[in-house]
Amino acid sequence: MSYRFIARNLPTTPKIARDLVAALLRTANLSRLVEPARVCTSEVVTNAHWHSRTPFITLDVALGRWSTTVVVRDNNPNELPLLVPADRYAHDEHEHGRGLLLVNALADHWSVRVLGDHAKAVYFTLVDHEGSAAA
């Protein structure tokens with residue numbers, strides 16, 4: 001199953017997005033993925049909010065039997081996150097710079113795609129390894 005959510009680029013959008021993803025995962029009986037998905041969704045949507053001038057942020061959620069993939073799109077292909085986050089930006093005294101480190105640590109896979117001249121997508125996949133091993 002897949003779902004799409006299009007939201008205005010507002011300071012409240014990360015919370016709405018993470019709560020939506022959590023509700024979808026609980027409904028799909030993927031509750032072991034809820035907390036890592038909430039963190040990753042919050043970080044990626046927050047990055048889209050802070051680093052793009054896009055009026056809307058699009059969130060696509062694909063639910064599989066043992067996994068989920070979340071794709072966050074904005075209209076700023078010129079502001080690409082580093083594929084391997086540099087922890088030099090995540091020192092104790094800095095308030096920002098840890099988001100993609102968290103995504104890198106929690107997600108089974110994540111990456112960035114430029115979508116033509118006017119958009120980019122940051123996506124991550126989480127797998128319920130315990131559930132898939134029991135099947």
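Computed from a prediction, not measured in an experiment: that's the story for all the values here. Scope of the values below: all heavy atoms of this structure, side chains included, with no hydrogens, waters or symmetry mates.
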Participant: Could you state whether Y123 and L126 fall into the same hydrophobic cluster, counting links through intermediate Ile, Leu, Val, Met, Phe, Trp or Tyr residues with side-chain heavy atoms under 4.5 angstrom apart?
Facilitator: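 Y123 and L126: separate clusters.
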Participant: Applying side chain to side chain contact (heavy atoms under 4.5 Å, CB included) to R38 and V21, what does each step give before you reach the verdict?
Facilitator: CA-CA 7 Å; R38 283 176 52 85; V21 170; over 6 Å; no
Participant: Any chance you could measure R113, atom CZ, to K120, atom NZ, to the nearest 0.5 Å?
Facilitator: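 The NZ atom of K120 is 15.0 Å from CZ of R113, to the nearest 0.5 Å.
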Participant: Side chains of H51 and D74: donor-acceptor distance under 3.5 Å anywhere?
Facilitator: no
Participant: Do F124 and L106 have side-chain heavy atoms sitting under 4.5 Å apart?
Facilitator: no
Participant: V61 and L63: side chain to side chain contact (heavy atoms under 4.5 Å, CB included), yes or no, with the steps?
Facilitator: CA-CA 6 Å; V61 182; L63 300 172; 4.0 Å; yes
Participant: Between V71 and L59, does a side chain to side chain contact (heavy atoms under 4.5 Å, CB included) hold up when you go through it step by step?
Facilitator: CA-CA 6 Å; V71 181; L59 178 79; over 6 Å; no
Participant: Could you walk me through whether S111 and H109 pass side chain to side chain contact (heavy atoms under 4.5 Å, CB included), step by step?
Facilitator: CA-CA 7 Å; S111 193; H109 178 72; 4.1 Å; yes
Participant: What is the minimum heavy-atom distance between S52 and N9, and which atoms define it?
Facilitator: O-ND2, 3.6 Å
Participant: Taking the side chain as every heavy atom from C-beta outward, state whether D108 and H129 have any atom pair closer than 4.5 Å.
Facilitator: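 Yes; the side chains approach each other to less than 4.5 Å.
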Participant: Can you tell if the side chain of T58 reaches within under 4.5 Å of the side chain of V72, non-hydrogen atoms only?
Facilitator: no
Participant: Is there a side-chain contact between L115 and R73 in this structure, where contact means two heavy atoms from C-beta onward sitting under 4.5 Å apart?
Facilitator: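 With C-beta onward as the side chain, the pair touches.
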Participant: Among T41, T125, V127, L33, exactly one meets side-chain contact (heavy atoms from CB on, under 4.5 Å) together with T68. Which residue is that?
Facilitator: L33
Participant: With a 4.5 Å limit on heavy-atom distance, are the side chains of V70 and D60 in contact?
Facilitator: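 The answer is no, as the side chains (C-beta and beyond) never meet within the 4.5 Å cut-off.
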Participant: Applying the side-chain contact (heavy atoms from CB on, under 4.5 Å) criterion to H49, which one of T12, T13, I57 satisfies it?
Facilitator: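 Going through T12, T13, I57 one by one, the side-chain contact (heavy atoms from CB on, under 4.5 Å) with H49 is satisfied by I57 alone.
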Participant: List the atom of P11, the atom of P14, and the distance in Å for their closest heavy-atom pair.
Facilitator: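 The answer is O-CD, 3.4 Å.
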Participant: Working to the nearest 0.5 Å, report the span between CG of L25 and OG of S67.
Facilitator: 10.0 Å
Participant: Quick test of your reading: applying side chain to side chain donor-acceptor pair (under 3.5 Å), list the pairs with at least one residue in residues 22-31, sequence neighbours left out, ordered by first then second residue.
Facilitator: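 Listed once each, the pairs would be none.
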Participant: Apply salt bridge (charged side-chain N to carboxylate O under 4.0 Å, His left out) to residues D128 and R65 and explain how you reach the verdict.
Facilitator: CA-CA 9 Å; D128 179 356; R65 186 171 178 190; over 6 Å; no
Participant: Are the side chains of Y3 and L24 in contact, using a 4.5 Å heavy-atom criterion?
Facilitator: yes
Participant: Given a cutoff of under 4.5 Å between side-chain heavy atoms of I, L, V, M, F, W and Y, with clusters grown through shared members, what are the other residues clustered with I6?
Facilitator: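 Grouped by the 4.5 Å side-chain rule, F56 form the rest of the cluster around I6.
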Participant: Would you say T54 and N75 are linked by a side-chain donor-acceptor pair, where the criterion is simply a distance under 3.5 Å?
Facilitator: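 Result is yes, a qualifying pair exists.
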Participant: Side chains of V122 and N47: closer than 4.5 Å at any heavy-atom pair?
Facilitator: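 The answer is no; the side chains never approach within 4.5 Å.
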